[in-house]
Amino acid sequence: MQFYKRISIFTVMLLALVSPRESAAASPPPPGGPPAPILTGIFISGSATVDEETSAQYECSGKYSDGTTAAISASWSVSSSNSSIDTSGLFTAGNVSSEEVAVITATYGAYTVSMDVTVTYIAPVLSSLEISGPATLDEETSGHQYSCIARYSDGSILSVLPAWSVSSTIASINTAGLLTAGDINADQNVTVTASFGGISSEYTVSIKQVAAIVLTGITIEGTIAMDEGTSVQLNCVGQYSDDSTALVTPAWSEGSTASSISSSGLLSAGGVNADKSITVTASFQGFSDTHVVLIRDIPGILESIEISGPSSLEEGGAGQYSCVATYSDGTSKPISPSWSENSSYASFSSAGLLSAGDVTSDQSLTVSASYQGKSDSMPVTILYQEPVLFSIAVSGATEVLEGYSADYVCQATYSDGTTVDVNPVWTVNSSFAQINAAGTLTGLDVVKDEPVTVSASFGGLTESMAVTVKYELQQVVLTGLAIVGPGEVEELGSVTLTCQASYSDGSVATVSPVWTEDSPQASIDSAGMLAAGNVDADDAVTVTASFGGASTSREIEIWMVGTRVVYPLSGFEGKTVKAELYDLNADEWHDLGQLDSPEELVIQDVVPDQWYWISVQESNTTSNVWNEVHAEWLNM
């Protein structure tokens, strides 16, 4: 039922239709207190924007019939495959290449609500450089390679070619990072510096003075036994005064007709009828050494040889090839054949190492081996390696006048140093401009100079440049007014209204109009504060705002606020009733008195937004008792 004050609203009940029950007094309120409020809707709260690869907490709350809100445990989901949200509402943004909108949805019972969350793309920036290479060099050495990697804010790393420099004249470094040490009289430190992208890194290299070293002896190293018809590599090691050793190239000799040795120390055994020992001699800078090798007699006749090795090589790479001989006795063994190939793009070493040169496309060649009258060949392909994308750069006008266009160009640089204009995916981060697939940027209407960012994405890389859309002054006129603020006010209360003006350029601004109203029950001052007077019943006032030759009006409700409540009754003509009111907060009963043929109950001095239990009883003249005919909770 509805009271005649704006305290509470209840369903109208025909009390005369309620079956009476015998009672000598009002019934107590039911256990559990007033009825629980009912869920009327849900809403999501949380940030509207989240940076990529970060998290944000979202909450779902319920709205209830008593005007309260409370957090609830909703079921969460998100529309984006790049982002996720867990059961507690923790949203985690993934990695994005541009700004992306993810729709968060919360479901609770029969209610579902969604919220748009913008995942912001964060372009990585260069954070540091790291130099790698030997920390110690001997004097008068060259060919020591240094390299540099760049670390970015997103954790990625990239090998880069910086600008190299060295702090001292005792060393030099070329543009490729190759360091050469000069002659020094004592150990010295130099600082190698790499500069790239506005950042520099330093690396200390110690250059050591090398004392004069003299040879003290030589030793032949290698096998002491070999099969006939095979070859083995013998090495000669020099011993020096600093206790170091190193391979040397001596003058080789041997005194047997059963073998031969090359200038590089490759000992080749011929055929023998029985095991035979030979003596190999090495001579170098006045020193000599001898080495005895047993040539074993191997029965069997060579039937074939077979090459094995990679069927393809990358350009600039190398591959090791070997050859196996098969004999009439069913045995096989590795051999050292004569190697050859038929291409100008490759070369063979005597040890079977094939080195591939640079090619402009895949090149086919044939590798061949010859040994004791037998030969074998196999096809090999030298694979061309496409250069990889190293960086991109955007160029074009830094300013575009609104309504006009400008063309932008994206140039790609590759690992082989070549550059070429490419067709990237063009984007612009603002509604103040648009750019087409060909890179033509058009400035849209603006009310002031607006900065925008033009971005090009190609081959997994993105590069941007700042552009200003220049404002061209235009005449702006007033197109309308709107009153903003509450639509109601309680008696003796006040609310502040504002006036917003709309203009032909689409802008909106708060203005100071001339305020007027049409009711003696209210007044409004020049600042838009509407003050309500004392009213006997709910009323309304029309407020008008005038500005710049235009005006607009809005009706504001004035609500009567009091502590007197009228409770309607029906069906008690010719009957006597009485009512009692239980105050839940005070835990006490109030007698509202007796009424004959009542049409309403008047309840005085109630407290707004407080719960009461009301009991209505009818007099039974026959039994002279009171029967309770209605009882319910009321929120005043």
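For the single chain, residues carry numbers from 1 onward in sequence order. Both backbone and side-chain heavy atoms feed into the values below; hydrogens, waters and symmetry mates do not.
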Heavy atoms from other residues, nucleotides or ligands near OH of Tyr404 exceed 12 (cutoff 6.0 Å): no

Can Asp596 and Thr576 be counted as having a side-chain donor-acceptor contact under 3.5 angstrom? yes

Any chance you could measure Ile122, atom CD1, to Ser153, atom OG, to the nearest 0.5 Å? 9.0 Å

Quick check: are there more than 12 heavy atoms from other residues, nucleotides or ligands sitting under 6.0 Å from CD of Gln594? yes

Can you find a side-chain donor-acceptor pair between Glu580 and Gln617 that sits under 3.5 Å? yes

Check: Ser80/Glu100 side-chain N/O donor and acceptor closer than 3.5 Å: yes

May I ask you to decide if the ring planes of Phe91 and Tyr58 are parallel, tilted or perpendicular, using 30° and 60° as cut-offs? perpendicular

Side chains of Ile435 and Val454 in contact at under 4.5 Å (non-hydrogen atoms): yes

Give a yes or no on this: more than 12 heavy atoms of other residues, nucleotides or ligands lie within 6.0 Å of atom CG of Asn423. no

Restricting to non-hydrogen atoms, name the atom on Ala456 and the atom on Trp426 that form the minimum distance, rounded to 0.1 Å. CB-CZ3, 3.8 Å

Any Thr552 side-chain heavy atom under 4.5 Å of Thr544 side chain: no

Is a side-chain donor-acceptor pair under 3.5 Å present for Ser200 with Ser195? yes

Surrounding CD of Gln57 (heavy atoms of other residues, nucleotides or ligands, distance under 6.0 Å), is the total greater than 12? yes

Tyr582 and ring-ring contact (aromatic ring centres under 6.0 Å, His included): which partner among Trp589, Tyr612, Trp611? Trp589

